[in-house]
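Each chain gets a letter, A, B and so on, in the order its sequence line appears, and its residues count up from 1.
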Amino acid sequence: MVEIRLTNSMTRKKETLVPIRPGQVSMYVCGPTVYDRAHLGNARPVVVFDVLFRLLRHVYGEDAVTYVRNFTDVDDRINETAQKRKAAGATGTLEDLIRERSDETIRWYHDDMDAVGALRPTHEPRATEYIPQMVAMIEDLIAKGFAYENEGHVLFRVRRYAEYGQLSGRSVEDMIAGARVEVAPYKEDPMDFVLWKPSDDDLPGWPSPWGRGRPGWHIECSAMSYALLGDSFDIHGGGNDLLFPHHENEIAQSCCAHPEGSFASIWLHNEMLQVEGKKMSKSLGNFFTVRDLLDKGVPGWNGVPGDVIRYVFLLTHYRKPMDWRQATAITAKQRLDIWSSEVQSNRELEREFKQDRDEFVRNYVDPTVVEALADDLNTSNALTTLIAAGKKLEGLSRVQFTDDEVETIQRQLVAGCYLIGIDLYHYANAISRGSFNLSDFASKLTALRETAMQTKDFSAVDALKSSLLAAGAEVRMTKAGVEVIPGPNFDPAKLEPLK
RNA sequence: GGCGAGUUGGCGGAGUGGUGACGCAGCGGAUUGCAAAUCCGUGUACAGGAGUUCGAUUCUCCUACUCGCCUCCA
C-alpha cells in the first residue's frame, strides 16, 4: 500500500495518512457559496482536492473513499438576487426564487468544474437540507453549556472551549488585541460567534426553538460532516482563507458537541490564486470566472480548454500561491497538444482506456507519478515524470524505441495524465472537433513544392506558405510530406481568399 | 497591532546537509530550397547577515522585502 503523506495545518508537519477505519478514507471539503458563477480562484481547491480524491481512490479503491463537499445555499447575496428578481416581477415566493437562484448556480458550478476535470464528490449536501441537524446540534451545544440564546440569537461561548485557536495558532487574547471582532449587545463576549440568527419577513427562515431564523455560517459544515461522516473523519480541506475563523469555529462546535470523536485528523489548506502576479479582485479589473476562461479566455483562442486550466493549476504545489498567467496557459496548451497527438492515433489503446479508465490507471501508471502525488500532492513532480515520458515519444526520439516500448510509454502517459485528472483522448477529440481541416492546403503546397523542386523557383511555394503563416497556421515541410495545422492564433477567415 | 506563509538561474517552478530537477525562452550545431518542427549540445540560481558543520541553497537565529488571514472572499 502506498503511503500518503500530507501537510497537516494543525501540526504544521507532513504526516502519514492513517485512516481511522482501516481501508476506508473520509474527506470533507468546504464547498462554494452558490450565489454566482465560480471565479477562477474557486477552482483551485476543487482541482487540488480532486487530485487527492483520485489518488485516494487509486490507493484505497474506488468504493473506499467518501468525499463530501457542501453547497452553502444560505447567503445574503443569494437573497439579494432573489429579492431583485421578485421586485422585477418574477413569479413565485421569495423562497422559490432563492431556491431557483441556488439551483442555477449549482448547475453552473457543476458544468464549470466538470470542464476542469473534477470528479463529483460522493455527497454534495446543501445547507438548506440539513437545517434540522443544525438545530439539533445547536440545542445540544446549549444543553452542554457551550452556547446560549439571547434576543433570538444563539451564540457560541468561545471562552468555554479551552483549545480554541489551536488550528490558526492564535490565542483569544491575540484576537481581542486585534479588536476586529464584532461587538453586539446580544453577545456575552465579543469573541462569541453566531450559531443561529433571527430572520425578518424578507429573508428565508426556518422554525427553531429560538424563533424563525437561519443558521450561522460555520454550523452547517459541522452538522453536515457529522451527518455524513460521523464524529471522526480523516481529512478536512479548504482554502487557507477559511482557516480562521471558519475552520477554527467548526472545530470548536464539533468538538464540544461530540467530545467522544476526534473530528478531522488532517487539515489541508490550499494557498490562494493570483492573476499575473496580483490578487484577483474586481477593483483591479483582473477578475474573471472559470466560464469566462472556458468560453473566451486567451485572445486568439476559441476559449481555454478545461484541461489546460487544470494543467496550469497542477504546475504549482497546492501550498504555494499560484499565479494564473496567460504565458503559462499557452505553454500548458502546447504540452497537452503534443501529448494528445502522441497517443491519438493508437485507437486500440484508446478503446482499452475507455473500457475502464480506473483499471487502466491501476495497470499502467508509472509508480513515480503515484509516489510524487503521495508525497504531499507534489503535482509538479508528477508532471515532470510525465513530461519525460512525453519527450520520449516526440519526433526522432521515438525511433529509438521498439513498437512495444512506444506503447508502454503511451500507456504510462495516458494513465499518469488520467490519475491527475487529464483525459488525453477526451482532450484530443475536443481539440480536433474545434479545429479546422487544412489538408487541402497541405496537398496544394505539396504539389507546388514538388514542381518547385524541379524548377528551382520557390516563389509560388513561399507565397502560399506566407499566407498560411499570416493566418496563424503552422507549416511543417519534411521529406516525408507537408503538414498544415492551426497554430495558437489561427484565424480561418484569413484563408478565405486563398480558396 | 496579532497570526501565518513565502523570497531558487531571463521567466516559471521542484528539491536536497556534499555530482546545477524540470519546463519555457536564449545561445551553438545538425537538418531544411528558406523556414517551422525535430534532434544534439549549452546555464558560475538558491534575498542579506551571523551561527552550527569537514561542508548549507538545504538546519538555527537575526534583518529586509513580498503576500495572505484577523471583514461569511476558496
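Here, B/C61 and B/A25 have their C1' atoms 39 Å apart, quoted to the whole Å. For the P atoms, the distance linking B/G6 with B/G13 amounts to 14 Å, nearest Å. Spacing of C1' atoms, B/U16 relative to B/U57, comes out at 9 Å, to the nearest Å. Of the C1' atoms belonging to B/G12 and B/G48, the separation is 24 Å, rounded to the nearest Å. B/G26 and B/A37 have their P atoms separated by 9 Å, with the value rounded to a whole Å. Atom P of B/G68 sits at a distance of 42 Å from the matching atom of B/G28, rounded to the whole Å. Nucleotides B/C3 and B/U71, compared at atom C1', are 16 Å apart to the nearest Å. Distance noted for atom P between B/A14 and B/U7: 9 Å (whole Å).
Side-chain N/O atoms of A/Lys320 include one lying less than 4.0 angstrom from OP1 or OP2 on B/A14. Dashed line: the shortest gap from a side-chain N or O of A/Arg69 to OP1 or OP2 of B/A74 is not under 4.0 Å. Regarding contacts with the backbone of B/C73, every side-chain N or O of A/Asn42 stays at 4.0 angstrom or more from both OP1 and OP2.
The closest side-chain donor-acceptor pair between A/Thr7 and A/Asp376 falls under 3.5 angstrom.
Among the heavy atoms of the strands lying under 4.0 Å from A/Val461 is at least one base atom, whether or not backbone atoms are also near. Using a 4.0 Å heavy-atom distance criterion, A/Leu469 is classed as making no nucleic acid contact. A/Ile387 comes within contact range of the sugar-phosphate backbone alone, with a heavy-atom separation under 4.0 Å but no base atom that close. A/Lys465 comes within contact range of at least one nucleobase, with a heavy-atom separation under 4.0 Å. At a threshold of 4.0 angstrom between heavy atoms, the contacts of A/Thr316 are confined to the sugar-phosphate backbone, with no base atom among them.
In this structure, the CG atom of A/Leu167 is 11 Å from the C1' atom of B/G4, given to the nearest Å. Between the CG atom of A/Asp323 and the P atom of B/G23 there is a distance of 21 Å, given to the nearest Å. In this structure, A/Leu242 places its CG atom 6 Å from C1' of B/A74, rounding to the nearest Å. If you measure from atom CG of A/Leu373 to atom P of B/G15, you get 13 Å, rounded to the nearest angstrom. Rounded to whole Å, the distance from CG on A/Asp241 to C1' on B/G4 is 13 Å. A/Met191 has its CE atom 13 Å from the P atom of B/C70, to the nearest Å. For the pair A/Trp267 CH2 and B/A74 P, the computed distance is 16 Å after rounding to whole Å. The distance between atom CD of A/Gln274 and atom C1' of B/C69, rounded to the nearest whole Å, is 14 Å.
In terms of polar N and O atoms assigned as donor or acceptor, the side chain of A/His317 never comes within less than 3.5 Å of the base of B/A14 in a complementary pairing. Evaluation of atom-type donor-acceptor distances gives a pair under 3.5 Å for the side chain of A/Asp462 against the base of B/G33.
Pair check for B/A50 finds B/U60; Watson-Crick or G-U wobble, both atom distances under 3.5 Å. For B/G1, the paired nucleotide is B/C70, the pair qualifying as Watson-Crick or G-U wobble because both relevant distances are below 3.5 Å. As the counterpart of B/A30, B/U38 is assigned, both hydrogen-bonding distances of the Watson-Crick or G-U wobble pattern falling under 3.5 Å. A 3.5 Å limit on both hydrogen-bonding distances identifies no Watson-Crick or G-U partner for B/A21.
A/Pro121 is not listed as a side-chain neighbour of A/Met27, based on a closest heavy-atom distance of 4.5 Å or more. Here the side chains of A/Asp234 and A/Ile266 are not in contact, with every heavy-atom distance at 4.5 Å or above. The side-chain heavy atoms of A/Val34 and A/Thr72, taken from C-beta on, include no pair separated by under 4.5 Å. Residues A/Leu373 and A/Asn378 are not in side-chain contact: their nearest non-hydrogen atoms beyond the backbone lie 4.5 Å or more apart.
You'll find that the side chain of A/Asn378 is closest to B/A14, out of B/C22, B/C24, B/A14. Picking from B/A21, B/G33, B/C24 the nucleotide with the shortest atom distance to the side chain of A/Arg335 gives B/C24. Closest to the A/Phe244 side chain, of the nucleotides B/C70, B/C73, B/C22, is B/C70.
Among A/Tyr164, A/Trp217, A/Tyr161, the single residue meeting the side-chain hydrogen bond (donor to acceptor under 3.5 Å, both in side chains) criterion with A/Asn249 is A/Tyr164.
Relative orientation of the A/His236 and A/Tyr28 rings is tilted, given thresholds of 30° and 60° on the angle between their planes. Ring planes of A/Trp324 and A/Phe313: perpendicular class, angle over 60° (limits at 30 and 60°).
Toward the 5′ end of RNA chain B lies the nearest nucleotide of A/Met477, the other residue of the pair A/Asn270 and A/Met477 mapping further downstream. When each of A/Pro215 and A/Arg319 is assigned the nucleotide of RNA chain B with its nearest heavy atom, A/Arg319 is the one assigned upstream, toward the 5' end.
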